[in-house]
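I have placed the structure first, in the form of structure tokens, so that the comments after it can refer back to it.
Here the structure is a predicted model, which means the values were calculated and not measured.
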Amino acid sequence: MNDLFWITLTFVKGLGNTGIKKLYIQSPTADFPNLLQSSFIKVVSKSVQEQLTNQTYMQELKEKAFTHMEAHRQADISVIPISSTNYPSLLRLINDPPAILYAKGNLGLLKSAKNVAIVGTRKPTKIGVASAKKIACTFAQRGYTIVSGLALGIDTAAHQGALQVENGKTIAVLAGNLKEIYPVENRALSSDILKNDGLLLSESPNDKENIKGNFVKRDRIQSGLSLAICPVQTPMKSGTQHTIQFARDHDRFLFTPIPLEKDEEAVQGNLELISNGIPVLESIDGYDQFEREMEKMYQYLMKKIESETSSKQLIEKDTEFYEQGSLF
């Protein structure tokens, strides 16, 4: 059972997301019998080597991983290691992809790259809320999955906009675990997302408490899942700025609606983005233009997957993803 192997590795102290990604790229078919014969074992730290070569200890971790998987399955939560065919291919591209994702709902949404992240401040203006809903609704009508973070404010409006569309789909990336939905004000919204064939996603297991640093980690997932990121409203200092930086780090298409309330604190970050040359969504024609840009982004990212992968097995494991053909 290959999934169990990769989940067991997450309990090895000092290996981390980056180390697990390196092993996966080097040897996507790695398993317990062949790990010690791999060249990977020679480049990890001495502490990690000692753990990996201790058969008794590794058996304990294996049992712990199995119990971990079963506990989440009983809660109707899928445990998705980086080796899984359900793991999003675009997310694997980032430097530190989660070694494990926890998902509840429509896992099929993880197969598509036709995603737009719509994010922003928790304290938007009324115009900002309306704008987020309209942008999400319009892209959902065009067949995109709307990615956001289930936070109050712009995130809430983005999910709601997607749900207004018949068969509209949305992925909520949570900072905390999927058992204790945060914020509590959006528990009903999370239920609506599931009822409408959407998905709740996190890298936090059910037994892990939510901490402040999880929100920044969540932001990298939103960017990593998406072709494009739209910060609808963001002050100069805001958690949204982390998502914007991740979009740049991940080479994703970044755009903003034109701010109509130029004196509001909520849009000062948008104005700075525009002054730095970020594309601006001004009219319905802009959606057509941005779709063309996202098609280019899709092709670019597919080539990047091929060029950054040392083993063709990674692409072979994603045959179903690639057989979907062109996004548009």
Side-chain angles (χ1 to χ4, degrees), residues 1-75 77-89 91-103 110 174-180 201-218 220-221 224 308-314 316-318:
M1 187 176 179
N2 195 251
D3 283 0
L4 180 60
F5 167 75
W6 294 97
I7 294 170
T8 300
L9 290 185
T10 65
F11 291 97
V12 175
K13 296 178 182 179
L15 189 52
N17 288 332
T18 303
I20 291 175
K21 177 186 175 180
K22 288 180 180 178
L23 174 59
Y24 179 73
I25 290 177
Q26 177 183 307
S27 183
T29 58
D31 210 333
F32 292 106
N34 58 30
L35 176 63
L36 299 184
Q37 282 71 49
S38 71
S39 59
F40 178 79
I41 196 73
K42 301 176 183 178
V43 298
V44 296
S45 69
K46 184 177 179 180
S47 172
V48 172
Q49 284 183 18
E50 290 175 349
Q51 293 175 76
L52 295 176
T53 55
N54 186 328
Q55 293 187 5
T56 301
Y57 179 68
M58 289 301 294
Q59 180 61 34
E60 292 176 358
L61 294 189
K62 184 176 179 180
E63 293 172 1
K64 185 177 181 179
F66 181 80
T67 301
H68 182 84
M69 292 171 63
E70 288 304 307
H72 283 83
R73 284 173 179 167
Q74 289 177 15
I77 294 172
S78 298
V79 182
I80 304 172
I82 196 170
S83 61
S84 173
T85 55
N86 286 321
Y87 197 96
S89 293
L91 189 58
R92 283 200 191 107
L93 282 177
I94 71 174
N95 291 332
D96 60 338
I100 297 180
L101 291 171
Y102 299 90
L110 297 176
L174 279 67
N177 66 62
L178 302 184
K179 183 179 180 180
E180 301 170 352
L201 191 68
S202 177
E203 67 175 316
S204 295
N206 283 352
D207 57 358
K208 184 176 181 180
E209 293 184 4
N210 194 11
I211 58 176
K212 187 175 181 180
N214 287 355
F215 291 94
V216 177
K217 294 170 67 176
R218 182 270 310 275
R220 88 190 193 287
I221 297 176
E308 290 192 357
T309 301
S310 60
S311 171
K312 288 296 181 182
Q313 288 177 294
L314 175 57
E316 291 170 1
K317 288 171 74 67
D318 284 336

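Under the 4.5 Å side-chain criterion, counting only non-hydrogen atoms from C-beta, Lys22 is not in contact with Gln26. Contact annotation: the side chain of Leu201 approaches that of Leu110 to within less than 4.5 Å [non-hydrogen atoms, C-beta and beyond]. Put simply, the side chain of Gln51 reaches to within 4.5 Å of the side chain of Lys13, judged on heavy atoms. Using a 4.5 Å heavy-atom threshold, the side chains of Thr29 and Asn2 count as separate.
When all heavy atoms of Gly176 and Ser204 are compared, the pair lying nearest together is C-CB, 3.8 Å. Listed here is the closest heavy atom pair of Leu93 and Lys21: O-NZ, 3.4 Å. The heavy-atom pair separating Pro205 from His68 by the smallest distance is CB-CE1, 3.4 Å.
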Decide yes or no on side chain to side chain contact (heavy atoms under 4.5 Å, CB included) for Asp3 and Ile80, but give the supporting numbers first. CA-CA 8 Å; Asp3 283 0; Ile80 304 172; over 6 Å; no
Apply side chain to side chain contact (heavy atoms under 4.5 Å, CB included) to Ile20 and Thr10, showing your working. CA-CA 8 Å; Ile20 291 175; Thr10 65; 3.8 Å; yes
Criterion side chain to side chain contact (heavy atoms under 4.5 Å, CB included) on Ile100 and Ile82, from CA distance to verdict: CA-CA 6 Å; Ile100 297 180; Ile82 196 170; over 6 Å; no
Working for side chain to side chain contact (heavy atoms under 4.5 Å, CB included), residues Leu23 and Leu9: CA-CA 10 Å; Leu23 174 59; Leu9 290 185; 3.5 Å; yes
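Annotation: the span from Ser202 atom OG to Lys217 atom NZ amounts to 9.0 Å, rounded to 0.5 Å. Note that OG1 of Thr67 is 10.5 Å distant from CE of Met69, once rounded to the nearest 0.5 Å. Here the OG1-CE distance, from Thr53 to Met58, works out to 9.5 Å after rounding to the nearest 0.5 Å. Put simply, CD on Gln59 and OG1 on Thr8 are 9.0 Å apart, with the number rounded to the nearest 0.5 Å. Note: Tyr102 OH to Leu178 CG = 9.5 Å, rounded to the nearest 0.5 Å. Considering CG of Leu61 and CD1 of Ile7, their distance stands at 13.0 Å, rounded to 0.5 Å.
Salt bridge annotation for Arg220-Glu203: present, with a cationic side-chain nitrogen under 4.0 angstrom from a carboxylate oxygen.
The backbone N or O of Ala99 lies less than 3.5 Å from a partner atom in the side chain of Asn17, making a donor-acceptor pair. The closest donor-acceptor contact from the side chain of Asp31 to the backbone of Pro33 lies at 3.5 Å or more, if one exists at all.
In summary, of the residues considered (Tyr24, Phe11, Tyr87), a ring-ring contact (aromatic ring centres under 6.0 Å, His included) with Trp6 occurs for Tyr24 alone.
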